[in-house]
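Beneath this line is the structure, given in structure tokens, with notes to follow.
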Amino acid sequence: MSTNSPNESHDEGNSLLHTALFAQVSREQAEELLPYLMEARYDKGECIFREGDTDHRMYLLESGKVKLIRTASDKRVQLLSIHARGEVLGEIPVFDPNGGPRTASAIAMTAGTRVVWLEHDALFAWLDRYPRVAVDMLQVLARRMRENNERISDLVFMDVPARLAKTLVNLGSRFGEPIEEGLLVPHDLTQEEMAQLVGSSRETVNKALTDFSNRGWITRRGRSVIIYQPGMLIRRSRR
């Protein structure tokens with residue numbers, strides 16, 4: 001990991017303005033936080049923060065991809081989510097009055113992953129000056145909570161092929177690149193990580209992927225998927 005001083009790398013503009021959490025903030029308001037932004041770069045596989053940490057930082061992802069994972073006492077790993085540019089990481093301890101602990105670990109998925117962070121005290125001093133912004137942030141956090149509740153519901157009520165279909169559609173909408181054959185989705189996940197994201201075993205997920213491929217809905221290409229028929233995946237996710 002390499003760390004820079006505040007403001008050293010913000011020649012492309014204020015990173016805050018590219019995040020949903022600060023979408024309603026004016027440029028002038030956001031610029032007041034620039035002196036407090038710290039930056040760090042991470043190589044693939046490096047840990048940005050760890051489950052159980054009690055720091056008070058909120059991270060903003062400037063480039064690259066990051067995965068959030070939880071590890072059970074028996075060392076089993078659950079891949080919770082994947083995050084890309086403009087998304088906020090680790091906000092829960094910042095808004096928790098007790099300041100932690102962190103509920104997941106954040107791992108860089110790509111080389112040169114770049115994040116900036118704000119300390120709790122700097123953020124809350126700023127919010128004291130602009131209390132209306134806190135209401136906008138609550139709306140974003142509520143949407144994140146709704147997504148988490150939906151994920152829990154999916155794990156309970158949907159079978160593995162339906163969850164896999166929904167996962168592929170979601171990855172396609174976020175990371176898909178239109179190509180002549182269809183929609184190329186570079187997910188950068190191993191087979192085991194894909195299974196963790198879906199919430200099943202690698203064997204069961206591979207069986208479902210093979211079935212989707214045999215039906216002509218998708219094809220696999222390394223750590224990418226080409227989606228030929230997104231409509232069929234959407235239909236399968238609703239069964």
Side-chain angles (χ1 to χ4, degrees), residues 1-70 80-148 174:
M1 178 192 74
S2 60
T3 303
N4 294 334
S5 59
N7 283 337
E8 183 170 328
S9 67
H10 300 295
D11 53 340
E12 296 179 0
N14 194 332
S15 305
L16 300 175
L17 297 175
H18 300 297
T19 69
L21 205 59
F22 291 84
Q24 305 304 317
V25 176
S26 72
R27 182 173 296 276
E28 291 73 20
Q29 290 172 334
E31 284 177 351
E32 293 183 25
L33 285 172
L34 278 179
Y36 304 99
L37 285 179
M38 295 291 293
E39 183 198 67
R41 290 178 173 85
Y42 296 86
D43 288 330
K44 183 176 180 179
E46 284 194 306
C47 187
I48 300 169
F49 56 79
R50 297 184 185 278
E51 183 178 349
D53 285 353
T54 55
D55 65 277
H56 299 163
R57 295 173 177 175
M58 182 176 70
Y59 292 83
L60 312 170
L61 183 51
E62 282 201 315
S63 64
K65 288 182 184 177
V66 171
K67 61 183 178 181
L68 294 184
I69 64 171
R70 293 197 69 170
L80 301 176
S81 55
I82 298 172
H83 298 270
R85 181 180 187 269
E87 297 189 35
V88 175
L89 303 170
E91 73 279 4
I92 294 177
V94 177
F95 292 96
D96 183 344
N98 297 318
R102 294 200 174 276
T103 58
S105 299
I107 310 296
M109 298 178 65
T110 54
T113 292
R114 190 171 68 188
V115 300
V116 296
W117 74 78
L118 276 170
E119 295 285 356
H120 168 279
D121 291 348
L123 177 61
F124 272 68
W126 180 78
L127 287 175
D128 283 341
R129 294 195 296 274
Y130 304 109
R132 171 63 203 177
V133 178
V135 177
D136 296 327
M137 288 185 172
L138 282 174
Q139 294 174 348
V140 174
L141 295 175
R143 183 162 63 248
R144 181 80 61 90
M145 183 178 296
R146 186 180 299 111
E147 292 169 354
N148 289 338
R174 298 173 64 202

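Values below: all heavy atoms of this structure, side chains included; hydrogens, waters and symmetry mates excluded.
- Arg102 places a side-chain N or O within 3.5 Å of a backbone atom of Gly90 that can act as its donor or acceptor partner.
- A donor-acceptor pair is defined here as one N or O able to donate and one able to accept, closer than 3.5 Å; no such pair exists between the side chain of Thr54 and the backbone of Pro101.
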Next item on the list: Please test Tyr36 against Asp121 for side chain to side chain contact (heavy atoms under 4.5 Å, CB included), starting from the C-alpha separation and ending with a verdict.
Entry: CA-CA 10 Å; Tyr36 304 99; Asp121 291 348; over 6 Å; no
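- Closest heavy-atom contact between Arg70 and Thr103: NE-O, 3.0 Å.
- Counting heavy atoms from C-beta outward, Arg174 and Glu87 have side chains that approach closer than 4.5 Å.
- Shown here for Glu31 and Pro35, the closest heavy-atom pair between the two residues is O-CD, 3.7 Å.
- Atom CG in Asn148 sits 8.5 Å away from atom CG in Leu80 (nearest 0.5 Å).
- Within the 4.5 Å cutoff, side-chain heavy atoms of Trp126 are placed close to those of Val133.
- Rounding to the nearest 0.5 Å places CG of Leu123 at 12.5 Å from NE2 of His56.
- Residues Tyr42 and Cys47 approach most closely at CE2-O, 3.6 Å, considering heavy atoms.
- Across His83 and Val88, no two heavy atoms sit closer than the pair ND1-O, 4.4 Å.
- Under a 3.5 Å cut-off, the side chain of Arg114 and the backbone N or O of Gly64 do not form any donor-acceptor pair.
- Distance alone, capped at 3.5 Å, places no donor-acceptor pair between the Ser81 side chain and the Leu68 backbone.
- One distance of note links CG of Leu61 with CD1 of Ile48; it measures 7.0 Å at 0.5 Å rounding.
- Across all non-hydrogen atoms, the minimal contact from Ser63 to Gly112 is OG-O, 3.7 Å.
- Rounded to the nearest 0.5 Å, atoms CZ (Arg143) and CE (Met145) are 13.0 Å apart.
- Here NE2 of His120 is found 14.5 Å from CZ of Arg57. Values are rounded to the nearest 0.5 Å.
- Side-chain contact check for Leu118 versus Leu37: some heavy-atom pair is nearer than 4.5 Å.
- Here CD1 of Ile69 is found 4.5 Å from CD1 of Ile107. Values are rounded to the nearest 0.5 Å.
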